[in-house]
Amino acid sequence: MYISRVFLGITGASGVIYGVKVLELLKKAGVEVHLSISKTAERVMRLETDYDVEEVKSLADYVWDEHDMTAPPASGSYPIDAVAIVPCSTKTLAAIANGITLNLITRAAEVGLKERRRVVLVIRESPLSLVHIRNMELATMAGAIVMPAAPGFYTRPKTLEELVTTFAGRVLDALGVKHSFTPRWRQAQ
Ligand SMILES: Cc1cc2nc3c(=O)[nH]c(=O)nc-3n(C[C@H](O)[C@H](O)[C@H](O)COP(=O)(O)O)c2cc1C
């Protein structure tokens, strides 16, 4: 399946840098991005990165307020190919796993699951309680791809940028977006 339109939610877990990198790579890959950033994610972005929230938003094709339930991605009739929530807070995970529509981000994920589209949840929490583990199980059983924000080191990243880009590339893989932005294991050997 060719992925041409993605809904990207950025929520208030640590690691919003992953969400920004996924946005950058999706745009480089020519994918149309519908972006929604939760209020807490905006706060975390200011706390843990040097990104300007408005500049990040300007990278997307469409930006939706997290509370705008009239936005197109709130409807299954709108042709979104895949949904990514990067990072996904445990609060947003809990809402998605239990079918509670808190906002547009949880609604977009709910729609993705019911329409049997790819839904990738990049959870960032450690250590995990049984509540988190059960919610990840529920989300997985409903069809989501739960992807802990746990980057690999086998590509020997030299910088934070390399580490984050390699992980973001794996998120694109999970979404079904073809790309060659990141190294592959033993590809060059
Ligand atoms: C600096 C900071 C870091 C946080 N890190 C995490 C985290 O790694 N994982 C998580 O699940 N929540 C984390 N939180 C808590 C969430 O922001 C909080 O649960 C919030 O209600 C999530 O809302 P949202 O999912 O609508 O963005 C953090 C909060 C702050 C202020």
Side-chain angles (χ1 to χ4, degrees), residues 6-24 26 33-57 59-60 62-74 80 82-113 118-140 142-153 160-161 163-168 170-171 174-175:
V6 165
F7 177 91
L8 173 63
I10 300 182
T11 67
S14 187
V16 292
I17 190 171
Y18 289 121
V20 177
K21 187 53 72 181
V22 167
L23 171 59
E24 287 173 1
L26 285 173
V33 180
H34 289 247
L35 176 70
S36 186
I37 305 181
S38 77
K39 283 290 157 266
T40 322
E42 290 190 4
R43 218 168 297 144
V44 174
M45 197 177 288
R46 290 189 187 100
L47 283 169
E48 67 179 23
T49 77
D50 292 328
Y51 286 116
D52 179 89
V53 175
E54 295 311 313
E55 266 178 41
V56 169
K57 288 181 180 174
L59 299 175
Y62 297 90
V63 179
W64 304 111
D65 186 279
E66 69 166 316
H67 295 298
D68 184 2
M69 299 304 285
T70 68
I80 290 281
V83 174
I85 305 188
V86 192
C88 181
S89 73
T90 53
K91 176 190 115 182
T92 292
L93 166 70
I96 294 166
N98 293 281
I100 301 165
T101 306
L102 292 177
N103 55 24
L104 179 66
I105 298 173
T106 51
R107 173 63 185 165
E110 174 179 43
V111 167
L113 293 176
R118 289 198 187 185
V119 175
V120 178
L121 308 178
V122 174
I123 312 300
R124 213 306 319 170
E125 190 50 274
S126 185
L128 297 166
S129 74
L130 184 59
V131 172
H132 304 137
I133 292 167
R134 288 257 160 89
N135 284 335
M136 287 194 275
E137 181 189 27
L138 275 174
T140 302
I145 298 172
V146 173
M147 205 170 162
F153 289 84
L160 181 63
E161 173 73 15
L163 186 83
V164 170
T165 302
T166 301
F167 181 78
R170 297 290 292 129
V171 175
L175 287 169

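All heavy atoms count here, side chains included; hydrogens, waters and symmetry mates do not. Here the structure is a predicted model, which means the values were calculated and not measured. Numbering of residues begins at 1 and proceeds along the displayed sequence. In listed order, ligands and their atoms are each counted from 1.
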Worksheet item: Where on T40 is there a heavy atom closer than 4.0 Å to ligand 1, on the side chain, on the backbone, on both, or on neither?
Response: side chain
Worksheet item: What do we get for R124 next to ligand 1 when only non-hydrogen atoms under 4.0 Å count, side chain, backbone, both or neither?
Response: both
Item to complete: Please round to the nearest 0.5 Å and tell me the distance separating atom CD1 of I133 and atom CG of L138.
Response: 12.5 Å
Fill in: Residue selection (non-hydrogen contact nearest atom 12 (N) of ligand 1) among G15, A13, G9, P87
A13
Worksheet, complete the sentence: In this structure, atom 10 (C) of ligand 1 is nearest to the protein heavy atom E125 OE2, 3.5 Å
Response to the item:
Closest to atom 5 (N) of ligand 1 among protein heavy atoms sits S14 N, 3.2 Å
Fill in: Side-chain heavy atoms of F7 within contact of L104, under 4.5 Å
yes
Worksheet item: For the atom pair CD1 (I17) and CD1 (I10), what is the distance rounded to the nearest 0.5 Å?
Response: 11.0 Å
Practice prompt. Report yes or no: does R43 have a heavy atom closer than 4.0 Å to ligand 1?
Written response: no
Discussion item. For a 4.5 angstrom cut-off between non-hydrogen side-chain atoms, does E137 reach V146?
Written reply: no
Discussion item. How long is the straight-line distance from OG1 of T106 back to CG of N98, given to the nearest 0.5 Å?
Written reply: 11.5 Å
Practice prompt. Look at atom 11 (O) of ligand 1 and say which protein heavy atom is nearest, naming residue and atom and giving the distance to 0.1 Å.
Written response: T90 N, 2.8 Å
Fill in: Working for side chain to side chain contact (heavy atoms under 4.5 Å, CB included), residues L121 and I145
CA-CA 6 Å; L121 308 178; I145 298 172; over 6 Å; no
Item to complete: Can you pull out the closest protein heavy atom to atom 14 (N) of ligand 1? Residue, atom name and distance to 0.1 Å, please.
Response: G12 O, 3.3 Å
Which pairs of donor and acceptor atoms, one on a side chain in residues 40-47, lie under 3.5 Å apart (sequence neighbours left out)?
{"unit_1": "E42", "atom_1": "OE2", "unit_2": "K57", "atom_2": "NZ", "d": "2.9"}

Worksheet item: Nearest protein heavy-atom contact for atom 19 (O) of ligand 1: which residue, which atom, what distance?
Response: K91 CB, 4.1 Å
Item to complete: Would you mind checking which non-hydrogen protein atom is closest to atom 22 (C) of ligand 1, with the distance to 0.1 Å?
Response: S89 OG, 3.6 Å
Practice prompt. Please collect all side chain to side chain donor-acceptor pair (under 3.5 Å) contacts where either partner lies in residues 62-72, sequence neighbours excluded, each pair once.
Written response: H34-W64, E66-N103, D68-T70
Fill in: V44, portion touching ligand 1 at heavy-atom distance under 4.0 Å
side chain
Response to the item:
The protein heavy atom nearest to atom 1 (C) of ligand 1 is L47 CD1, 4.0 Å
Worksheet item: Any N or O on N103 sitting closer than 3.5 Å to an N or O of ligand 1?
Response: no
